[in-house]
Each structure stands twice: as C-alpha cells, then as structure tokens.
Amino acid sequence: MKFIYSDSLDGVDPTFNFLKESGSPERQPYWDDLLPHELLGYAPYDGVLVSKATVGDHRIKGSYTIGQARRFELVGARKFLRLDEPEFKNIEIFGDCGAFSYVKEDEPPFTPEEMAEFYAECKFTHGCSVDHIIFDFDDKLSGMSGGTAEAKRRFEITLENADIFLRANRAIGSSVVPMGAIQGWSPDSMAEAARCLVGQGYKYLALGGMAPLNSSQIQKSLEAVRSKIPSWIKLHVLGFAKADEIQYFKGYGIESFDTTSPLLRSFKDATKNYYLPTGDGKLEYYTAIRIPQALENPRLKKFVKMGVFKAEDLVKLEADALSSLRQYDAGIRPLSSTLEPIIAYNAAFVDGELYNGGTLSPKMQDLKDKYIKTLSHRPWDRCSCKACTGAGVEVMMFRGNTRNKSRGFHNIGVYAQHLNDLELRPKAIPVADTTPPATAKERQQSFDFTPF
C-alpha cells in the first residue's frame, strides 16, 4: 500500500527557542517553517494529498491564505509543497475536493469540469472526482435496500459527477490519473457505485466517507467493493482514520490510503501522543507530558477569571514543571521528584484545584501512571530522527505548535517504518534510524536546548 500523507500545510518553526518560548520576529510561516520531509531530511510518505477545500477559494475558506492559494495554482502543487527536488521525484501528488467541508450544502461547490482543470493546472499526479458525502451508513443492509432519500440523491450526484469528470479529464488531454469517488449508505451500495464507476471507465477508485466508520465497517465495504470489480482495479481509501490498524487491511487489495492520524495523535489523542516501533511489527505508544502555557491556555485563563487561581501561582507551577522535566532529561534530577511539580501543575488544569500531596483523582492517577512510563522509558532518547535529536525532551511536552508538530512529524516517520516492517509498502523507502543517537549523553550533560 502507498502511504499518502494528507497535507494541511503543517510546518515547524526552525527558529523557535524552547527556553525563551519564541521564534524569530521575522519568521514567515510558509517560507521559513519546515514541512515533514524537510525536518526529517527525507520523505517518509509515498505521496501527499491536498484537498481543494484546504486550498480554498471564494466559496470555501481553506487553510491557505489568499496569497498561498494563488502561488499554489501558479507554480503547481509539487513546487508549492517543496517536493520538486530530484530526491522527491517519485512522490505522488493526490488531490480531492475535501467533501467534509461542504457536507451541509445541497450540492458540491465545485464542478467536475472545474476540478479536472484544477488538477491539471496544479500538476497533480492523481485527482478524485467530485463526491458528496453520505453519512447514513448501515452495514446490515443488503443490496440497494435502505438509504434515505437524501443518501440516494447524493449517491446519484457522486456518480453523475464522476462520469462528467472523467470525460472532462479526457477532453483536456490531462495526464492526471482520474480516480472515481465512491459514496454509499451500505457496503452493497458502495459496491454498486464501484461497479458503475468501472463501467464509466475508471481504473482507480477511491472510497469516501470512511473516516467515521469503524474497522469492521470499512472491511465489509472493501470486501463488497472487491466482489464487484476486477482485481486489477486499484483502490484508495480516503481519510483512513484507522491507520494504527492497517495490518488488518492487508488482504483487501488496497493500492493506497491517505491519513493524518500519526500527526493528529500527537496533540489530539488523550494518551497516544508519541510512537516508537517495538521491533515485532507493532507500535509502542507514549503519553506526552502536559505542560500548557499558564497565561495562554484557555482552561487556565478561565480559572483565573473565575478566581480559582491567581495567575502568578500558575506561572510558578508552570516554571517548576518545566524546570523539573529539563533537569530530569539532563540527568540531574530523579524521577520521583520530577513527577511532583508536573503532577501539581497538571492537577490545576485537569481537576481545577491546587494539589497538596493528597490522594489524586482517578483521572490524575491514571495520567500519573502514564507519565511514569514515559519518563522511565525516556523514548525521546531512543530515537535518532531529527525531530527528536533537535528538540530533545521538548518533543515530549504537550505544549504549543512547535513541540506538538515536531512530535507529530516524528510519528509520521515511525509510522512509515511500521508499514515497512509489516511489508505493506510498495518499496522500501528510507526511514529514520530509531537506534539511540550517539550524542544523546552529550546533549543531556550540556543542557543544550538549541532548537534543531
């Protein structure tokens, strides 16, 4: 399977100073920040997916600024994403419409003809037809039974748009590989959509609406689709949110899938924030140490306004937690005393009260247990990727974009290695060495936190 990274222009500020909590005042995020393949020094993915809705236009506000959107269309996706160097020539550029962004609209805001031109002009290698998401999914239905009137209307819109898109793509002589988007309210309705798309002439299909489904529902959908199409038809899974369970999808003939899960887990998951390979085809997960910025965290600011805490007390708790963790990393503080100020600060924003050494709440006790695992295992010292060697223990802090996304980029690299270990990649793409870095001890002793 090809691992396609779903991009939202996430970057890491290479000028950020962790001790001063600031970067260069002259920083221009798009031009100065490092994308995953730039920070890691290699591309851990087989391709990148960019949604039209992410780029945005006058109809949908995307993640790009107006200037970035114009540059994207002017220079093309590959150059815009800084994948135009020779070592990245085999990285594929996928595109879709970003149907989740217009799910509440009666009709997709983009026409098939417009999307065919967008993909061609921006030099994508692959482009999906215009779909309209169907959320009413029931894996117990058979044939074309069930499905609301709205689901069936969206089903027809998606198929009609696919037919027009394929014709438009051919008419302009585009070199973009067309991908027919599948939508349905059940596995069998998705299979019927796939059968129709193959009949239209598609050789590459993309299953949409998968993000909310569980693994069993996705597997049933893949099985149903595969039963209705030739084995040589390629399949892509759009927005594959079950990336950690990829080993269970090996037998379904998936050509490619896109996901941002390894990145998002770094700052959205409650516990699984940092990945490491176990060596036996599995992933080990670690919980990042929560040390939010006292004067910027919304929850803490709310407590201050309510009179629960004084701002100066929170600032001191924050400073003590940061100092203890950094001293632990440098080898000059034991684990037991390192935990005390961290737990004290965590209790403030988790429980909303000052901790004075008494019994912890169940939630805090669970968090403490996970912190003990993270700190005792020291995973940041067991990885030699540039995200970890550049940030050191800072990469384990759940605190601000630079730390969180550095951890996310590390996760992307480890996930790529995981796919290689499972022999699910089409080729052995180089990934970061996860053996302990030779300079780890020196970094601890020098107490050097110079970023990257």
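Just so you know, these numbers come straight off a predicted model, no measurement behind them. Just so you know, residue 1 is the first one in the sequence shown, and it goes up from there.
Within the 4.5 Å cutoff, the side chain of Leu40 has no heavy atoms near those of the Leu34 side chain. No side-chain heavy atom of Leu81 sits under 4.5 Å from any side-chain heavy atom of Ile91. Side-chain contact between Asp32 and Ser24 is absent, with no heavy atoms from C-beta onward closer than 4.5 Å. Using a 4.5 Å cut-off on side-chain heavy atoms (C-beta onward), Phe16 and Ser406 make no contact. Residues Asp46 and Met1 are not in side-chain contact: their nearest non-hydrogen atoms beyond the backbone lie 4.5 Å or more apart. The shortest distance between side-chain heavy atoms of Glu284 and Pro277 does not fall below 4.5 Å. In this structure, Tyr102 and Cys97 have side chains that are in contact, with non-hydrogen atoms separated by less than 4.5 Å. Between Asn161 and Asp131, the closest side-chain pair of non-hydrogen atoms is not below 4.5 Å.
Looking at Arg59, its side chain never comes within 3.5 Å of a backbone N or O of Ala53 through a donor-acceptor pair. Checking side-chain atoms of Thr54 against main-chain N and O of Val50 turns up no donor-acceptor pair under 3.5 Å. Using modelled atom types, one side-chain atom of Tyr345 and one backbone atom of Pro292 make a donor-acceptor pair closer than 3.5 Å. Looking only at distances, a side-chain donor or acceptor of Gln200 sits under 3.5 Å from a matching main-chain atom of Asp163. For Trp185 (side chain) and Ser145 (main-chain N/O), a donor-acceptor pair under 3.5 Å exists by modelled atom type. A donor-acceptor pair is defined here as one N or O able to donate and one able to accept, closer than 3.5 Å; no such pair exists between the side chain of Arg154 and the backbone of Ile134. Judged by distance alone, the side chain of Arg265 and the main-chain N or O of Tyr275 form no donor-acceptor pair under 3.5 Å. Using a distance-only test at 3.5 Å, with no hydrogens or angles considered, a donor-acceptor pair links the side chain of Arg290 to the main chain of Ala288. Checked by atom type and distance alone, the side chain of Arg407 pairs as donor or acceptor with a backbone atom of Ser266 at under 3.5 Å. Listed for the Gln219 side chain is a donor-acceptor partner under 3.5 Å among the backbone atoms of Tyr248.
Residues Lys405 and Gly11 share a closest heavy-atom pair of CD-O, 3.7 Å. Residues Ala168 and Ala116 share a closest heavy-atom pair of CB-CB, 4.0 Å. Closest of all the heavy-atom pairs between His418 and Gln247 is NE2-OE1, 4.1 Å.
Remark: Arg195 engages Glu192 in a salt bridge, criterion side-chain N to carboxylate O under 4.0 Å. Salt-bridge annotation for Glu318 and Arg399: present, with a side-chain N of the basic residue lying under 4.0 Å from a carboxylate O of the acidic one. Under 4.0 Å is where a charged nitrogen must lie from a carboxylate oxygen, and between Lys272 and Asp244 no such pair does. A salt bridge links Asp13 to Arg27: one of the charged nitrogens lies within less than 4.0 Å of a carboxylate oxygen. Ionic pairing of Lys79 and Asp84 is present here: one or more N-O contacts between side-chain nitrogen and carboxylate oxygen are shorter than 4.0 angstrom. Salt-bridge formation is detected for the pair Glu73/Lys52: a Lys NZ or Arg NE/NH1/NH2 atom is positioned less than 4.0 Å from an Asp or Glu carboxylate oxygen.
With sequence neighbours excluded, no residue forms a side chain to side chain donor-acceptor pair (under 3.5 Å) with Asn411. Listed by chain and number, the residues in a salt bridge (charged side-chain N to carboxylate O under 4.0 Å, His left out) with Glu117 amount to none (sequence neighbours excluded). With sequence neighbours left out, the side-chain contact (heavy atoms from CB on, under 4.5 Å) criterion links Ser231 to no other residue. Shown here are the side chain to side chain donor-acceptor pair (under 3.5 Å) partners of Asp188, two or more places apart in sequence or in another chain: there are none. Every residue meeting the side chain to side chain donor-acceptor pair (under 3.5 Å) condition with Glu38, not counting sequence neighbours, appears here in chain and number order: Arg82.
Ring pair Phe88/His37 is perpendicular by interplanar angle, where above 60° counts as perpendicular and below 30° as parallel. Using cut-offs of 30° and 60° for the angle between ring planes, the Phe72 and Phe118 rings count as parallel. Tyr119 and Phe124 have perpendicular rings, their planes meeting at more than 60° on a 0 to 90° scale where under 30° would count as parallel. Ring orientation note: the planes of Tyr286 and His377 are nearly perpendicular, at an angle over 60° on the 30°/60° scale. The aromatic rings of Phe249 and Tyr252 sit tilted relative to each other, their planes meeting at an angle between 30° and 60°.
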(message) Test side chain to side chain contact (heavy atoms under 4.5 Å, CB included) on Tyr371 and Asn346; report intermediate values, then the result.
(response) CA-CA 11 Å; Tyr371 285 174; Asn346 275 238; 2.6 Å; yes
(request) In sequence, state the C-alpha distance, the side-chain angles, and the governing distance for Arg403 and Phe398, and then conclude on side chain to side chain contact (heavy atoms under 4.5 Å, CB included). (result) CA-CA 7 Å; Arg403 294 177 178 86; Phe398 201 118; over 6 Å; no
(request) Run the numbers on Asp369 and Gln365 for side chain to side chain contact (heavy atoms under 4.5 Å, CB included), then give the verdict. (result) CA-CA 6 Å; Asp369 292 342; Gln365 184 60 54; 3.1 Å; yes
(request) List the steps, then state whether side chain to side chain contact (heavy atoms under 4.5 Å, CB included) holds for Leu263 with Phe409. (result) CA-CA 6 Å; Leu263 172 65; Phe409 290 2; 4.0 Å; yes
(message) Run the ring-ring contact (aromatic ring centres under 6.0 Å, His included) test on Phe3 and Tyr5 for me, step by step, so that the C-alpha distance in whole Å, both residues' side-chain angles and the decisive distance to 0.1 Å come before the verdict.
(response) CA-CA 6 Å; Phe3 166 34; Tyr5 169 61; 7.2 Å; no
(request) With salt bridge (charged side-chain N to carboxylate O under 4.0 Å, His left out) as the test, would you mind laying out the steps for Arg78 and Glu92 before giving the verdict? (result) CA-CA 9 Å; Arg78 188 174 296 278; Glu92 297 174 332; over 6 Å; no
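For CZ of Arg70, the number of neighbouring non-hydrogen atoms (other residues, nucleotides, ligands) closer than 6.0 Å is 12 at most.
A donor-acceptor pair shorter than 3.5 Å can be found between the side chains of Asp351 and Ser361. Defined by atom type and a distance below 3.5 Å, a donor-acceptor pair is missing between the side-chain atoms of Tyr64 and Arg71. A donor atom on one side chain and an acceptor atom on the other are not found under 3.5 Å apart for Thr287 and Asn273. Side-chain polar atoms of Asp421 and Gln417 form a donor-acceptor pair below 3.5 angstrom. Side-chain N/O atoms of Glu150 and Thr148 include no donor and acceptor closer than 3.5 Å.
Taking CD1 from Ile289 and OG1 from Thr374, the interatomic distance works out to 5.0 Å, rounded to the nearest 0.5 Å. Between atom OH of residue Tyr202 and atom NZ of residue Lys234 there is a gap of 15.5 Å, rounded to the nearest 0.5 Å.
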What side-chain donor-acceptor pairs closer than 3.5 Å can you find for residues 253-260, not counting sequence neighbours?
residue: Ser256; atom: OG; partner: Tyr204; partner atom: OH; Å: 2.6
residue: Ser256; atom: OG; partner: His236; partner atom: ND1; Å: 2.6
residue: Asp258; atom: OD1; partner: Gly239; partner atom: N; Å: 3.0
residue: Asp258; atom: OD2; partner: His236; partner atom: NE2; Å: 2.7
residue: Asp258; atom: OD2; partner: Gly239; partner atom: N; Å: 3.2
residue: Thr259; atom: OG1; partner: Phe240; partner atom: O; Å: 2.9
residue: Thr259; atom: OG1; partner: Ser261; partner atom: N; Å: 3.0

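Put simply, the residue from Leu159, Leu238, Leu207, Thr158 that forms a side-chain contact (heavy atoms from CB on, under 4.5 Å) with Ile182 is Leu207.
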